[in-house]
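Since the structure comes first, as C-alpha cells, the remarks are kept for the end.
Every number for a ligand or one of its atoms is a count from 1 in the order of the listing. Positions are given from 1 along the sequence. Bear in mind the structure is a predicted one, so any value in this text is a computation, not a measurement.
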Amino acid sequence: MYRDYKQDLDSRSGASIIMQVGDAGQQMFQGQSFRNIKQSHLQQICTLDVDSPIRTYRMTNIVCTVGPSCESVEVLKDMVASGMNICRFNMAHASHEWHLQTLRNLREAVDKSREVTHGSVATAIDITGPGVRLGRFSEDVEVPVQLQKGATVIMSSDKAIKKSCTKDRVYVIQGFIMRAKVGDKIFIDDGPLCFKVMKKVSLVEMIVEVVHQGEMNHNGLVHIPMTTPNIDEYLSEKDKKDIKFGVDNEVDMVFVSWVLQPEMVTAVREALGDAKDRVAVVAKIESYNSVKRIDEILEVADGILIARGDLGNDIPPEKVFLAQKMIIGRANMAGKPVICAAQICQEAENALYYDATFRDLRFATPVPTNVTHATSIAAVEAAIRGPASAIIVVTNSGRSARLIARYRPHCIIIAITKSQDTARNLNLHRGIFSVIHTGSSNQEWYRDVDQRIHYALRVAVERGYVKPNDKGALLHSAGNQSSPLQAHLCLLQQRYHTAHTEPLCHAISQPLQRYKEIQNGTVKQCLTLSKSFP
Ligand SMILES: Nc1ncnc2c1ncn2[C@@H]1O[C@H](COP(=O)(O)OP(=O)(O)O)[C@@H](O)[C@H]1O
Ligand SMILES: C=C(OP(=O)(O)O)C(=O)O
C-alpha cells in the first residue's frame with residue numbers, strides 16, 4: 001500500500017517528501033507483533049517474525065516539503081491524511097507570497113481534516129544558510145535541464161543572467177567562482193549531476209564539464225566537496241527576512257541549512273526575537289565541518305536534521321552511514337530529536353532493541369535527576385514492564401511527553417493537551433501522538449483529567465493504537481494542590497473487551513497500580529492505587 005510520494009510529486013515538478021508515506025488511513029497500522037521483554041539484542045532479533053500481524057503504529061514522524069505540485073488544499077488534505085507531521089517550506093524556492101498562500105492552504109487542509117485525523121501538523125521554514133545556489137532559468141528553458149556527460153557549461157556571476165540562465169550559461173555568486181580550482185568537482189543538488197572545473201576564464205567566469213550526467217533545476221544547490229562557503233555573517237539578509245516571515249506567520253520551527261558552527265544556530269535564535277521560546281531551531285547537518293562539530297551544535301540546537309543527500313556530496317557517500325549512526329546516537333544521548341532526511345525502511349523499526357537503548361539512556365542521565373524527568377523515566381520503565389501498548393501522558397507544556405520520548409519507549413506516547421501549539425511542536429519528537437482536548441475544565445480537577453484521558457483513549461482505540469485487554473502506562477500530575485513529588489505514575493489495566501466508550505470508562509475506574517519511590521529515575525516498588533480515581 002505504500003507509494004513513493006517523492007517520485008509522484010517530483011515528477012509533477014517541484015516538491016519532495018523526506019520520508020516514504022503510506023496511503024491515507026494505512027500509515028499507522030504497519031508493524032510488529034506484541035513484544036516481550038528480551039534479555040539481549042540477539043534474543044530480540046531472534047523473535048522477529050515474518051508472519052507477525054500488521055498492528056503497530058508508526059513511531060517515526062514524516063516531514064514533507066511542499067512545492068507547486070502540492071500547493072492546493074485538496075492535495076495538502078491528502079498529505080495530512082497520509083500522515084504528514086511536519087510541513088516544510090523551503091525558502092530557497094518561491095516567493096513569500098507563494099509560501100504564505102500555501103501556508104494558508106495547509107491550515108485550511110488541517111482544519112478540514114481534523115475530524116478524520118485528530119492530528120495536528122507542525123510547520124517549518126527551511127532557511128538557505130550559506131549554501132550556494134544557481135540562479136533561475138529563463139521562461140523558455142525547459143526545466144529540469146538535462147545534461148549529458150561531456151557537455152560544457154559556463155558558470156558566471158554576471159547578475160544579468162541571475163533570472164535568465166540557459167542550458168549553457170548559469171549564474172552562481174562570484175565568491176564561488178573565485179574559490180573553485182581547476183579540477184574541482186561541483187555537485188548540483190544531491191546529485192547525480194556532477195561537473196569538473198576545466199578552465200577559469202576570469203574572476204567572474206569559469207568553464208565546467210559534465211562528468212556525471214543529471215539535471216539542473218531553478219536555484220539548485222552548487223557544492224564543491226570539502227569546501228566551506230565563505231561567510232561574513234552567520235545570517236544573510238535573506239535568511240533574516242525569511243525568519244521574520246516565519247515569525248509573522250507563526251510557524252513552529254526553523255530548519256537551518258548548512259550549519260557550519262554553533263554560532264549560526266544562536267544567531268537564528270536571536271533573530272527569532274520574542275518568538276525564540278516558541279519556535280524550535282533545527283540544525284541541518286550537511287557538511288564535514290558540521291559532522292565534526294556535532295556536539296557543540298547539539299548543545300545549542302533544539303533538534304538535528306541529517307541531510308544525507310548533501311552530506312553525501314561533502315563526505316564520501318559510503319561514510320554517510322557512519323555519520324548518520326554517530327549523529328543519531330549523540331542526539332539520543334543529548335535528548336534532542338533527530339530527523340534523518342531520506343527514505344526509511346519502516347520494518348527496521350521492529351528490529352530495534354528498545355530495552356537496551358532505554359538502559360543506556362537512563363545510565364547516561366545525571367543524578368540527582370529532576371522529579372519530572374525522573375517520573376518520565378519511570379513511565380518508560382512501567383511501559384516496558386507492563387508491557388504497555390501505549391504511554392498516556394497528560395501535558396500542557398509538552399515537557400513530560402518530550403522527556404518520555406527521549407527515553408525511546410517501544411510503544412506510542414499519547415499526549416493529551418489543551419494547547420494547539422504544544423500539539424504541533426510535539427511533532428518534532430519521536431513516537432508521540434498528540435490529542436487535543438479543549439473541553440471545559442470548570443469541574444473538579446480529577447474529573448477533568450479523567451475526561452481527557454477517556455477522550456484520548458477513545459481516539460487511541462479508534463486509530464488502533466490500543467486494543468481490548470492491552471495495558472497502558474499513565475502519567476499525569478497530582479493536581480494543582482500537590483507538590484511535584486506526589487506525581488503519580490499509574491499502570492492501568494485496560495480491562496475493556498470492546499472498543500466502545502462505556503468499557504473504556506471502566507478501564508480508568510479499575511484499581512490502578514502506582515509505582516512509588518521514584519528515586520533517581522529508578523522505580524523501586526509497585527503499589528496498588530485505588531484512591532486517585534473514583
Ligand atoms: N516552493 C517551491 N517552489 C518551487 N519548487 C520547489 C519548492 N520547494 C521545493 N521545490 C523543488 O523541489 C526540489 C526538492 O525540494 P528540496 O529537497 O526542499 O530542495 P533542495 O534540495 O533544492 O534544497 C527543489 O530542488 C525544487 O526544485
Ligand atoms: C534533505 C536534504 O537537504 P535539502 O533538501 O535542504 O537539500 C538532503 O540533502 O538530504
Side-chain angles (χ1 to χ4, degrees), residues 4-20 62-72 75-76 79 86-103 105-106 123-137 141-146 163 165 187-193 214-223 225 229 239 242 245-246 251 253-259 282-288 290-291 303-315 317 320-321 323-324 327 338-344:
D4 184 341
Y5 251 82
K6 184 167 169 66
Q7 279 170 15
D8 267 357
L9 300 179
D10 273 347
S11 62
R12 281 179 273 146
S13 121
S16 71
I17 212 158
I18 287 183
M19 291 162 194
Q20 209 170 36
I62 296 172
V63 184
C64 308
T65 306
V66 276
S69 63
C70 51
E71 66 194 6
S72 70
V75 179
L76 288 164
M79 291 165 76
I86 300 177
C87 186
R88 167 179 175 255
F89 294 82
N90 190 340
M91 305 312 278
H93 305 288
S95 62
H96 280 185
E97 288 69 38
W98 182 89
H99 286 296
L100 184 57
Q101 186 52 50
T102 311
L103 192 59
N105 290 354
L106 171 76
T123 50
I125 54 162
D126 189 307
I127 60 167
T128 315
V132 176
R133 294 206 171 237
L134 294 174
R136 284 189 68 78
F137 289 90
V141 174
E142 200 185 321
V143 177
V145 174
Q146 304 292 340
K163 291 187 177 161
C165 301
F187 285 94
I188 306 297
D189 287 329
D190 302 353
L193 179 60
E215 56 189 42
M216 286 189 290
N217 249 309
H218 299 295
N219 308 322
L221 193 88
V222 193
H223 182 62
D239 287 342
D242 290 341
F245 169 87
V251 300
M253 299 159 200
V254 177
F255 293 176
V256 192
S257 298
W258 279 90
V259 167
V282 175
K284 286 173 69 184
I285 305 300
E286 34 199 339
S287 64
Y288 175 81
S290 53
V291 172
I304 293 290
L305 187 152
I306 309 168
R308 298 201 310 179
D310 291 317
L311 185 57
N313 285 343
D314 204 45
I315 64 174
V320 170
F321 170 79
Q324 176 187 325
I327 294 167
V338 52
I339 302 169
C340 198
Q343 308 215 356
I344 299 286

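Within the 4.0 Å heavy-atom shell around ligand 1 one finds W98. Under the 4.0 angstrom criterion for non-hydrogen atoms, D189 is in contact with ligand 1. Residue H218 places no heavy atom under 4.0 Å from ligand 1. Residue contacts with ligand 2 leave out L221, since none of its heavy atoms falls under 4.0 Å from the ligand.
Taking the side chain as every heavy atom from C-beta outward, P144 and N217 approach each other to under 4.5 Å. Looking only at side-chain heavy atoms (C-beta outward), W258 and L221 come within less than 4.5 Å of each other. Using a 4.5 Å cut-off on side-chain heavy atoms (C-beta onward), I304 and V282 make no contact. A heavy-atom distance below 4.5 Å is found between the side chains of F137 and M216. Looking only at side-chain heavy atoms (C-beta outward), V251 and F89 stay at 4.5 Å or farther from each other. The side-chain heavy atoms of D242 and H99, taken from C-beta on, include no pair separated by under 4.5 Å.
At least one N or O atom of R88 sits closer than 3.5 Å to an N or O atom of ligand 1. For ligand 2, the polar-atom distance check against G309 finds a nitrogen or oxygen pair separated by under 3.5 Å. Residue D126 places no N or O, backbone or side chain, under 3.5 Å from any N or O of ligand 2. Polar contact check, D310 against ligand 2: a nitrogen or oxygen pair lies under 3.5 Å apart. Any N or O atom pair closer than 3.5 Å counts here, and N219 shares no such pair with ligand 1.
For F245, the ring pair (Phe, Tyr, Trp, His ring centres under 6.0 Å) test picks out H96, with sequence neighbours left out. Residues satisfying the side-chain hydrogen bond (donor to acceptor under 3.5 Å, both in side chains) criterion with N313, sequence neighbours excluded, are absent altogether.
Applying the 4.0 Å criterion to heavy atoms of P68 picks out, from ligand 1, the atoms 2 (C), 3 (N), 4 (C), 5 (N). For ligand 1 and A94, the ligand atoms under 4.0 Å from any heavy atom of the residue are 1 (N), 3 (N). Atoms of ligand 2 lying under 4.0 Å from at least one heavy atom of A341, given by number and element, are 1 (C), 10 (O).
For R133, every heavy-atom contact with ligand 1 shorter than 4.0 Å involves the side chain, none the backbone. For R88, every heavy-atom contact with ligand 2 shorter than 4.0 Å involves the side chain, none the backbone. Contacts between L311 and ligand 2 below 4.0 angstrom, taking non-hydrogen atoms only, are absent altogether.
Of the candidates V66, T65, L134, N90, the one placing a heavy atom closest to atom 20 (P) of ligand 1 is N90. Within the set A92, G131, A307, G129, the minimum heavy-atom distance to atom 8 (C) of ligand 2 is found for A307.
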Walk me through whether K284 and D126 qualify under salt bridge (charged side-chain N to carboxylate O under 4.0 Å, His left out). CA-CA 9 Å; K284 286 173 69 184; D126 189 307; 2.9 Å; yes

